[in-house]
2 protein chains.
Amino acid sequence: MEKSASLWERSRQAAVAEIVDTALTLFEEQGYEATTMAQVASKAGVSQRSLFRYFGTKEDLVCSDQDALGEVLVGAVAAQPAELSTWDALRAGFTAILAASNHTPQRVLEISRLIFTTASLRSRYFEKRLRWQHALVPVIEQRMGIESGEVPDARAMGVIATTFACVDAATELWVLHGGKADAFELYEQALAAVRA
Amino acid sequence: MEKSASLWERSRQAAVAEIVDTALTLFEEQGYEATTMAQVASKAGVSQRSLFRYFGTKEDLVCSDQDALGEVLVGAVAAQPAELSTWDALRAGFTAILAASNHTPQRVLEISRLIFTTASLRSRYFEKRLRWQHALVPVIEQRMGIESGEVPDARAMGVIATTFACVDAATELWVLHGGKADAFELYEQALAAVRA
DNA sequence: AGACAGCTTGGCAGTGACTGACAGGTTGGC
DNA sequence: GCCAACCTGTCAGTCACTGCCAAGCTGTCT
(Lines give C-alpha, C1' and ligand atoms only; values in the text may rest on other atoms or scores of the structure.)
Protein backbone atom coordinates (compact mmCIF):
# COMPACT_ATOMS: atom_id res chain seq x y z
CA MET A 1 0.00 0.00 0.00
CA GLU A 2 2.59 2.51 1.00
CA LYS A 3 5.01 1.33 -1.65
CA SER A 4 2.39 1.45 -4.34
CA ALA A 5 1.20 4.82 -3.21
CA SER A 6 4.70 6.18 -3.28
CA LEU A 7 5.29 4.65 -6.69
CA TRP A 8 2.24 6.33 -8.10
CA GLU A 9 3.12 9.41 -6.23
CA ARG A 10 6.66 9.43 -7.60
CA SER A 11 5.64 8.98 -11.22
CA ARG A 12 3.02 11.61 -10.67
CA GLN A 13 5.55 14.05 -9.27
CA ALA A 14 7.84 13.42 -12.21
CA ALA A 15 5.03 13.92 -14.67
CA VAL A 16 3.94 17.10 -12.95
CA ALA A 17 7.45 18.52 -12.96
CA GLU A 18 7.92 17.75 -16.62
CA ILE A 19 4.57 19.23 -17.56
CA VAL A 20 5.29 22.42 -15.65
CA ASP A 21 8.62 22.64 -17.40
CA THR A 22 7.23 22.37 -20.90
CA ALA A 23 4.40 24.71 -20.02
CA LEU A 24 6.72 27.43 -18.73
CA THR A 25 8.87 27.07 -21.82
CA LEU A 26 5.85 27.55 -24.05
CA PHE A 27 4.63 30.50 -22.01
CA GLU A 28 7.93 32.27 -22.37
CA GLU A 29 8.18 31.51 -26.06
CA GLN A 30 4.76 32.67 -27.16
CA GLY A 31 3.17 34.23 -24.10
CA TYR A 32 0.71 32.89 -21.57
CA GLU A 33 -2.54 33.87 -23.23
CA ALA A 34 -1.41 32.74 -26.67
CA THR A 35 -0.61 29.26 -25.42
CA THR A 36 -3.51 26.82 -25.32
CA MET A 37 -3.93 23.93 -22.94
CA ALA A 38 -4.18 21.60 -25.94
CA GLN A 39 -0.72 22.73 -26.98
CA VAL A 40 0.73 22.08 -23.54
CA ALA A 41 -0.93 18.69 -23.41
CA SER A 42 0.31 17.49 -26.76
CA LYS A 43 3.83 18.79 -26.19
CA ALA A 44 3.96 17.19 -22.75
CA GLY A 45 2.64 13.91 -24.14
CA VAL A 46 -0.51 13.65 -22.08
CA SER A 47 -4.16 13.95 -22.96
CA GLN A 48 -5.93 17.21 -22.37
CA ARG A 49 -8.16 15.52 -19.85
CA SER A 50 -5.26 14.29 -17.75
CA LEU A 51 -3.68 17.70 -17.90
CA PHE A 52 -6.78 19.15 -16.30
CA ARG A 53 -6.74 16.37 -13.76
CA TYR A 54 -3.22 17.26 -12.68
CA PHE A 55 -3.78 21.00 -12.72
CA GLY A 56 -7.33 22.06 -12.19
CA THR A 57 -6.82 25.32 -14.07
CA LYS A 58 -4.42 26.84 -16.54
CA GLU A 59 -3.18 29.22 -13.88
CA ASP A 60 -2.20 26.33 -11.65
CA LEU A 61 0.45 25.43 -14.19
CA VAL A 62 2.31 28.43 -12.84
CA CYS A 63 0.96 28.77 -9.29
CA SER A 64 0.68 25.12 -8.30
CA ASP A 65 3.27 25.17 -5.53
CA GLN A 66 1.70 28.13 -3.79
CA ASP A 67 -0.40 25.93 -1.55
CA ALA A 68 2.63 24.16 -0.17
CA LEU A 69 4.40 27.48 0.37
CA GLY A 70 1.41 28.75 2.29
CA GLU A 71 1.74 25.91 4.77
CA VAL A 72 5.44 26.66 5.10
CA LEU A 73 4.64 30.28 5.85
CA VAL A 74 2.04 29.60 8.51
CA GLY A 75 4.15 26.90 10.11
CA ALA A 76 7.23 29.08 10.25
CA VAL A 77 5.39 32.04 11.74
CA ALA A 78 3.79 29.83 14.37
CA ALA A 79 7.19 28.36 15.22
CA GLN A 80 8.83 31.71 15.99
CA PRO A 81 9.66 32.32 19.66
CA ALA A 82 7.17 34.44 21.55
CA GLU A 83 9.82 37.11 22.28
CA LEU A 84 9.93 38.08 18.63
CA SER A 85 7.70 40.96 17.62
CA THR A 86 4.78 40.21 15.35
CA TRP A 87 6.54 41.95 12.49
CA ASP A 88 9.69 39.93 12.93
CA ALA A 89 7.73 36.70 13.13
CA LEU A 90 5.97 37.47 9.86
CA ARG A 91 9.22 38.40 8.22
CA ALA A 92 10.74 35.12 9.36
CA GLY A 93 7.83 33.35 7.71
CA PHE A 94 8.60 34.93 4.38
CA THR A 95 12.29 34.16 4.57
CA ALA A 96 11.26 30.56 5.26
CA ILE A 97 9.32 30.63 2.00
CA LEU A 98 12.36 31.83 0.14
CA ALA A 99 14.41 29.02 1.65
CA ALA A 100 11.75 26.41 0.83
CA SER A 101 11.54 27.30 -2.84
CA ASN A 102 13.07 24.60 -5.00
CA HIS A 103 13.63 26.82 -8.00
CA THR A 104 16.74 28.66 -9.09
CA PRO A 105 16.68 32.44 -8.53
CA GLN A 106 16.59 32.87 -12.28
CA ARG A 107 13.53 30.65 -12.47
CA VAL A 108 11.84 32.50 -9.65
CA LEU A 109 12.36 35.75 -11.51
CA GLU A 110 10.90 34.33 -14.71
CA ILE A 111 7.86 33.00 -12.90
CA SER A 112 7.38 36.22 -10.97
CA ARG A 113 7.60 38.27 -14.12
CA LEU A 114 5.08 35.99 -15.78
CA ILE A 115 2.70 36.38 -12.85
CA PHE A 116 3.03 40.15 -12.55
CA THR A 117 2.63 40.81 -16.26
CA THR A 118 -0.35 38.52 -16.82
CA ALA A 119 -3.66 39.71 -15.43
CA SER A 120 -5.26 36.33 -14.82
CA LEU A 121 -2.14 34.95 -13.19
CA ARG A 122 -1.81 37.94 -10.93
CA SER A 123 -5.42 37.52 -9.89
CA ARG A 124 -4.90 33.88 -9.09
CA TYR A 125 -1.77 34.71 -7.15
CA PHE A 126 -3.57 37.27 -5.03
CA GLU A 127 -6.37 34.88 -4.34
CA LYS A 128 -4.01 32.23 -3.02
CA ARG A 129 -2.24 34.85 -0.97
CA LEU A 130 -5.57 35.85 0.52
CA ARG A 131 -6.00 32.32 1.78
CA TRP A 132 -2.60 32.52 3.43
CA GLN A 133 -3.71 35.69 5.18
CA HIS A 134 -6.80 34.01 6.56
CA ALA A 135 -4.77 31.05 7.74
CA LEU A 136 -2.47 33.42 9.61
CA VAL A 137 -5.21 35.21 11.52
CA PRO A 138 -5.40 32.87 14.54
CA VAL A 139 -1.62 32.64 14.78
CA ILE A 140 -1.18 36.41 14.77
CA GLU A 141 -4.13 37.02 17.07
CA GLN A 142 -2.58 34.76 19.65
CA ARG A 143 0.78 36.44 19.24
CA MET A 144 -0.78 39.86 19.71
CA GLY A 145 -2.64 38.72 22.79
CA ILE A 146 -6.06 38.93 21.20
CA GLU A 147 -8.67 36.29 21.87
CA SER A 148 -10.00 34.77 18.66
CA GLY A 149 -13.62 35.48 17.89
CA GLU A 150 -15.67 34.08 15.06
CA VAL A 151 -14.82 37.15 13.03
CA PRO A 152 -11.13 38.09 12.72
CA ASP A 153 -9.83 41.05 14.69
CA ALA A 154 -9.28 44.26 12.75
CA ARG A 155 -5.86 44.88 14.28
CA ALA A 156 -4.55 41.41 13.42
CA MET A 157 -6.01 41.65 9.92
CA GLY A 158 -4.40 45.04 9.45
CA VAL A 159 -0.95 43.85 10.47
CA ILE A 160 -1.16 40.75 8.30
CA ALA A 161 -2.54 42.57 5.29
CA THR A 162 0.09 45.27 5.62
CA THR A 163 2.92 42.77 5.71
CA PHE A 164 1.61 41.09 2.59
CA ALA A 165 1.13 44.45 0.94
CA CYS A 166 4.77 45.38 1.53
CA VAL A 167 5.99 41.97 0.42
CA ASP A 168 3.94 42.37 -2.73
CA ALA A 169 5.22 45.84 -3.38
CA ALA A 170 8.79 44.65 -2.90
CA THR A 171 8.26 41.68 -5.19
CA GLU A 172 6.75 43.81 -7.91
CA LEU A 173 9.55 46.34 -7.70
CA TRP A 174 12.08 43.52 -7.70
CA VAL A 175 10.57 42.27 -10.95
CA LEU A 176 10.50 45.78 -12.38
CA HIS A 177 14.19 46.12 -11.56
CA GLY A 178 14.83 42.93 -13.49
CA GLY A 179 15.89 41.04 -10.39
CA LYS A 180 18.88 43.31 -9.91
CA ALA A 181 17.61 44.97 -6.74
CA ASP A 182 17.54 43.29 -3.35
CA ALA A 183 13.95 42.30 -2.70
CA PHE A 184 14.57 42.10 1.02
CA GLU A 185 15.94 45.62 1.11
CA LEU A 186 12.92 46.88 -0.83
CA TYR A 187 10.64 45.25 1.70
CA GLU A 188 12.49 46.91 4.58
CA GLN A 189 12.21 50.28 2.88
CA ALA A 190 8.49 49.89 2.28
CA LEU A 191 7.72 48.76 5.80
CA ALA A 192 9.94 51.43 7.35
CA ALA A 193 8.06 54.13 5.45
CA VAL A 194 4.79 52.69 6.71
CA ARG A 195 5.79 52.47 10.36
CA ALA A 196 7.72 55.71 10.47
CA MET B 1 -23.92 66.04 -32.92
CA GLU B 2 -23.78 66.82 -29.23
CA LYS B 3 -27.48 66.34 -28.79
CA SER B 4 -27.50 63.05 -30.56
CA ALA B 5 -24.45 61.88 -28.65
CA SER B 6 -26.07 62.69 -25.34
CA LEU B 7 -29.25 61.01 -26.46
CA TRP B 8 -27.41 57.85 -27.31
CA GLU B 9 -25.48 58.18 -24.14
CA ARG B 10 -28.60 58.60 -22.06
CA SER B 11 -30.40 55.60 -23.48
CA ARG B 12 -27.21 53.64 -23.10
CA GLN B 13 -26.94 54.62 -19.45
CA ALA B 14 -30.53 53.61 -18.87
CA ALA B 15 -29.99 50.28 -20.58
CA VAL B 16 -26.84 49.65 -18.58
CA ALA B 17 -28.56 50.44 -15.30
CA GLU B 18 -31.44 48.15 -16.11
CA ILE B 19 -29.16 45.32 -17.17
CA VAL B 20 -27.10 45.62 -14.00
CA ASP B 21 -30.29 45.56 -12.00
CA THR B 22 -31.63 42.37 -13.51
CA ALA B 23 -28.20 40.77 -13.35
CA LEU B 24 -27.78 41.48 -9.64
CA THR B 25 -31.25 40.14 -8.98
CA LEU B 26 -30.41 36.91 -10.78
CA PHE B 27 -27.08 36.63 -9.00
CA GLU B 28 -28.72 36.92 -5.62
CA GLU B 29 -31.47 34.48 -6.51
CA GLN B 30 -29.38 31.65 -7.89
CA GLY B 31 -25.78 32.61 -7.27
CA TYR B 32 -23.20 34.21 -9.51
CA GLU B 33 -21.63 31.10 -10.99
CA ALA B 34 -24.96 29.41 -11.61
CA THR B 35 -26.22 32.35 -13.66
CA THR B 36 -25.28 32.36 -17.32
CA MET B 37 -24.80 35.37 -19.51
CA ALA B 38 -27.48 34.00 -21.86
CA GLN B 39 -29.91 34.12 -18.97
CA VAL B 40 -29.05 37.71 -18.13
CA ALA B 41 -29.32 38.70 -21.78
CA SER B 42 -32.73 37.17 -22.36
CA LYS B 43 -34.16 38.48 -19.10
CA ALA B 44 -32.80 41.97 -19.82
CA GLY B 45 -34.19 41.87 -23.36
CA VAL B 46 -30.94 42.29 -25.24
CA SER B 47 -28.96 39.94 -27.39
CA GLN B 48 -26.02 38.11 -25.89
CA ARG B 49 -23.76 39.93 -28.30
CA SER B 50 -24.88 43.35 -27.15
CA LEU B 51 -24.57 42.31 -23.54
CA PHE B 52 -20.90 41.59 -24.14
CA ARG B 53 -20.54 44.90 -25.91
CA TYR B 54 -21.84 46.80 -22.89
CA PHE B 55 -19.90 44.77 -20.34
CA GLY B 56 -16.77 43.19 -21.65
CA THR B 57 -16.84 40.44 -19.06
CA LYS B 58 -19.30 38.80 -16.72
CA GLU B 59 -17.46 40.27 -13.76
CA ASP B 60 -18.01 43.78 -15.11
CA LEU B 61 -21.71 43.33 -14.50
CA VAL B 62 -20.80 43.76 -10.84
CA CYS B 63 -17.58 45.80 -10.94
CA SER B 64 -18.35 48.15 -13.81
CA ASP B 65 -18.31 51.39 -11.84
CA GLN B 66 -14.93 50.70 -10.29
CA ASP B 67 -13.12 52.58 -13.03
CA ALA B 68 -15.02 55.76 -12.34
CA LEU B 69 -14.44 55.41 -8.62
CA GLY B 70 -10.72 55.03 -9.25
CA GLU B 71 -10.63 58.40 -10.93
CA VAL B 72 -12.54 59.89 -8.03
CA LEU B 73 -10.00 58.46 -5.63
CA VAL B 74 -6.94 59.73 -7.45
CA GLY B 75 -8.50 63.13 -8.03
CA ALA B 76 -9.52 63.53 -4.41
CA VAL B 77 -6.11 62.56 -3.09
CA ALA B 78 -4.38 64.93 -5.47
CA ALA B 79 -6.72 67.72 -4.39
CA GLN B 80 -5.91 67.46 -0.70
CA PRO B 81 -3.94 70.38 0.76
CA ALA B 82 -0.21 69.82 1.12
CA GLU B 83 -0.37 70.29 4.89
CA LEU B 84 -2.28 67.05 5.27
CA SER B 85 -0.21 64.00 6.01
CA THR B 86 0.01 61.32 3.34
CA TRP B 87 -2.18 59.03 5.42
CA ASP B 88 -4.86 61.67 5.86
CA ALA B 89 -4.81 62.48 2.17
CA LEU B 90 -5.33 58.83 1.27
CA ARG B 91 -8.11 58.50 3.81
CA ALA B 92 -9.79 61.56 2.33
CA GLY B 93 -9.65 59.84 -1.03
CA PHE B 94 -11.53 56.83 0.24
CA THR B 95 -14.18 58.92 1.96
CA ALA B 96 -14.60 60.68 -1.38
CA ILE B 97 -15.29 57.28 -2.93
CA LEU B 98 -17.96 56.56 -0.36
CA ALA B 99 -19.57 59.90 -1.08
CA ALA B 100 -19.44 59.36 -4.84
CA SER B 101 -21.20 56.01 -4.76
CA ASN B 102 -24.69 56.23 -6.16
CA HIS B 103 -25.99 53.09 -4.48
CA THR B 104 -27.94 52.71 -1.26
CA PRO B 105 -25.94 51.37 1.70
CA GLN B 106 -27.99 48.18 1.50
CA ARG B 107 -27.03 47.79 -2.12
CA VAL B 108 -23.39 48.40 -1.38
CA LEU B 109 -23.48 45.68 1.23
CA GLU B 110 -25.08 43.23 -1.19
CA ILE B 111 -22.53 43.96 -3.88
CA SER B 112 -19.65 43.78 -1.42
CA ARG B 113 -20.85 40.46 -0.09
CA LEU B 114 -21.17 39.15 -3.62
CA ILE B 115 -17.64 40.23 -4.43
CA PHE B 116 -16.06 38.88 -1.27
CA THR B 117 -17.80 35.51 -1.47
CA THR B 118 -17.14 34.88 -5.16
CA ALA B 119 -13.60 34.01 -6.12
CA SER B 120 -13.61 35.37 -9.65
CA LEU B 121 -15.27 38.60 -8.58
CA ARG B 122 -12.81 39.10 -5.77
CA SER B 123 -9.97 38.58 -8.21
CA ARG B 124 -11.37 41.12 -10.60
CA TYR B 125 -11.90 43.57 -7.78
CA PHE B 126 -8.30 43.25 -6.64
CA GLU B 127 -7.05 43.73 -10.15
CA LYS B 128 -8.93 46.98 -10.55
CA ARG B 129 -7.70 48.11 -7.17
CA LEU B 130 -4.16 47.39 -8.27
CA ARG B 131 -4.61 49.82 -11.12
CA TRP B 132 -5.74 52.47 -8.66
CA GLN B 133 -2.59 51.89 -6.69
CA HIS B 134 -0.40 52.41 -9.71
CA ALA B 135 -2.27 55.57 -10.61
CA LEU B 136 -1.64 56.91 -7.11
CA VAL B 137 2.12 56.39 -7.19
CA PRO B 138 3.10 59.75 -8.75
CA VAL B 139 0.65 61.65 -6.56
CA ILE B 140 1.97 60.09 -3.36
CA GLU B 141 5.59 60.33 -4.42
CA GLN B 142 5.18 64.04 -4.90
CA ARG B 143 3.43 64.40 -1.57
CA MET B 144 6.20 62.49 0.18
CA GLY B 145 8.85 64.64 -1.48
CA ILE B 146 10.24 61.84 -3.61
CA GLU B 147 11.26 62.48 -7.19
CA SER B 148 9.53 60.10 -9.58
CA GLY B 149 11.77 57.61 -11.35
CA GLU B 150 10.78 55.22 -14.08
CA VAL B 151 10.29 52.58 -11.40
CA PRO B 152 8.05 53.47 -8.45
CA ASP B 153 9.64 54.19 -5.09
CA ALA B 154 9.44 51.44 -2.48
CA ARG B 155 8.39 53.81 0.28
CA ALA B 156 5.52 55.29 -1.72
CA MET B 157 4.44 51.85 -2.86
CA GLY B 158 4.50 50.60 0.72
CA VAL B 159 2.33 53.41 2.04
CA ILE B 160 -0.17 53.07 -0.77
CA ALA B 161 -0.34 49.29 -0.60
CA THR B 162 -0.73 49.43 3.18
CA THR B 163 -3.61 51.87 2.98
CA PHE B 164 -5.38 49.66 0.49
CA ALA B 165 -4.65 46.61 2.60
CA CYS B 166 -6.29 48.18 5.63
CA VAL B 167 -9.25 49.42 3.61
CA ASP B 168 -9.67 45.92 2.26
CA ALA B 169 -9.43 44.36 5.68
CA ALA B 170 -12.00 46.80 7.00
CA THR B 171 -14.33 46.15 4.08
CA GLU B 172 -14.09 42.41 4.46
CA LEU B 173 -14.75 42.61 8.20
CA TRP B 174 -17.62 44.97 7.56
CA VAL B 175 -19.16 42.37 5.26
CA LEU B 176 -18.48 39.60 7.77
CA HIS B 177 -20.27 41.65 10.40
CA GLY B 178 -23.26 41.88 8.09
CA GLY B 179 -22.85 45.62 7.65
CA LYS B 180 -23.57 46.25 11.33
CA ALA B 181 -20.06 47.40 12.21
CA ASP B 182 -18.65 50.79 11.29
CA ALA B 183 -16.30 50.24 8.39
CA PHE B 184 -14.51 53.49 9.07
CA GLU B 185 -13.85 52.50 12.66
CA LEU B 186 -12.51 49.13 11.55
CA TYR B 187 -10.14 50.89 9.19
CA GLU B 188 -8.88 53.15 11.96
CA GLN B 189 -8.31 50.16 14.21
CA ALA B 190 -6.37 48.27 11.55
CA LEU B 191 -4.18 51.21 10.62
CA ALA B 192 -3.57 52.14 14.27
CA ALA B 193 -2.33 48.61 14.97
CA VAL B 194 -0.01 48.86 12.01
CA ARG B 195 1.46 52.22 12.90
CA ALA B 196 1.64 51.63 16.65
C1' DA C 1 -37.82 64.11 -49.66
C1' DG C 2 -34.15 60.98 -50.53
C1' DA C 3 -29.52 59.32 -50.70
C1' DC C 4 -25.60 58.90 -47.64
C1' DA C 5 -22.51 58.10 -43.66
C1' DG C 6 -21.92 56.81 -38.80
C1' DC C 7 -23.11 54.05 -35.35
C1' DT C 8 -25.60 50.32 -33.07
C1' DT C 9 -27.70 45.82 -32.90
C1' DG C 10 -28.47 40.86 -33.61
C1' DG C 11 -27.35 36.30 -35.45
C1' DC C 12 -23.90 33.00 -36.41
C1' DA C 13 -20.03 30.43 -36.15
C1' DG C 14 -15.88 29.62 -33.83
C1' DT C 15 -12.21 29.39 -29.98
C1' DG C 16 -10.63 28.04 -25.60
C1' DA C 17 -11.03 26.70 -20.70
C1' DC C 18 -13.19 23.31 -18.21
C1' DT C 19 -16.35 19.14 -16.82
C1' DG C 20 -19.01 14.77 -16.68
C1' DA C 21 -19.58 10.10 -18.38
C1' DC C 22 -17.85 6.09 -20.25
C1' DA C 23 -14.41 2.64 -21.69
C1' DG C 24 -10.01 0.61 -21.39
C1' DG C 25 -5.55 -0.28 -19.20
C1' DT C 26 -2.41 -0.76 -15.06
C1' DT C 27 -1.27 -1.83 -10.34
C1' DG C 28 -1.48 -4.18 -5.97
C1' DG C 29 -3.77 -7.51 -2.78
C1' DC C 30 -5.78 -12.14 -2.36
C1' DG D 1 -5.39 -15.78 -11.95
C1' DC D 2 -9.01 -12.65 -10.07
C1' DC D 3 -10.76 -8.77 -8.16
C1' DA D 4 -10.87 -4.08 -6.75
C1' DA D 5 -8.91 0.37 -6.86
C1' DC D 6 -6.90 3.62 -9.57
C1' DC D 7 -5.35 6.10 -13.54
C1' DT D 8 -5.78 7.44 -18.41
C1' DG D 9 -7.79 8.82 -22.89
C1' DT D 10 -11.91 9.86 -25.80
C1' DC D 11 -16.01 12.16 -26.56
C1' DA D 12 -19.48 15.26 -26.10
C1' DG D 13 -21.12 19.21 -23.91
C1' DT D 14 -21.30 23.88 -21.26
C1' DC D 15 -20.01 28.55 -20.87
C1' DA D 16 -17.46 32.90 -21.40
C1' DC D 17 -16.02 35.49 -25.06
C1' DT D 18 -14.84 37.20 -30.03
C1' DG D 19 -14.85 38.25 -35.11
C1' DC D 20 -17.71 38.71 -39.06
C1' DC D 21 -21.46 40.14 -41.58
C1' DA D 22 -26.07 41.79 -42.50
C1' DA D 23 -29.83 44.74 -40.99
C1' DG D 24 -31.63 48.79 -38.64
C1' DC D 25 -31.77 53.41 -36.62
C1' DT D 26 -30.18 58.52 -36.49
C1' DG D 27 -28.79 62.72 -38.07
C1' DT D 28 -26.82 65.24 -42.24
C1' DC D 29 -26.24 66.95 -46.68
C1' DT D 30 -28.06 68.07 -51.07
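Letters go in sequence order (proteins before strands), and every chain restarts at 1. All values reported here derive from a predicted model rather than from experimental measurement.
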| message | For a quick test of reading the model: is some side-chain N or O of S50(A) closer than 4.0 Å to OP1 or OP2 of dG9(D)? | response |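 For dG9(D), OP1 or OP2 has a side-chain N or O of S50(A) closer than 4.0 Å.
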
| Contact under 4.0 Å: Y54(B) side-chain N or O vs dT9(C) OP1/OP2 |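 For Y54(B), the contact criterion (side-chain N or O under 4.0 Å from OP1 or OP2 of dT9(C)) is met.
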
| query | So what does S120(B) hit on the nucleic acid, given a heavy-atom distance under 4.0 Å: a base, only sugar-phosphate, or nothing? | reply |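 The residue S120(B) makes no contact with any strand.
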
By nearest atom, which of the nucleotides [options] is closest to the [X] side chain?
X      : options                   : answer
T36(B) : dA17(C), dG9(D), dC15(D)  : dC15(D)
T57(B) : dT9(C), dG9(D), dC17(D)   : dC17(D)
F52(B) : dG9(D), dT18(D), dA17(C)  : dT18(D)
K58(B) : dG10(C), dA21(C), dC17(D) : dC17(D)
R49(A) : dG19(D), dT19(C), dC17(D) : dT19(C)

| Which whole-number value in Å describes the distance from R53(B) CZ to dC21(D) P? |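 Spelled out: CZ on R53(B) to P on dC21(D) is 14 Å.
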
| task | Run the numbers on F126(B) and F164(B) for ring pair (Phe, Tyr, Trp, His ring centres under 6.0 Å), then give the verdict. | result | CA-CA 10 Å; F126(B) 280 134; F164(B) 275 83; over 10 Å; no

| R107(A) and D21(A) ion-paired at < 4.0 Å |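 D21(A) and R107(A): salt-bridged.
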
| query | If you measure from the Lys or Arg side-chain nitrogens to the Asp or Glu carboxylate oxygens, is any gap between D60(B) and K128(B) under 4.0 Å? | reply |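 Salt bridge between D60(B) and K128(B), a charged N being under 4.0 Å from a carboxylate O: yes.
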
| task | Start with the C-alpha gap between R124(B) and T57(B), add the side-chain angles, then the distance that decides, and say whether side chain to side chain contact (heavy atoms under 4.5 Å, CB included) holds. | result | CA-CA 10 Å; R124(B) 181 75 171 167; T57(B) 66; 4.1 Å; yes

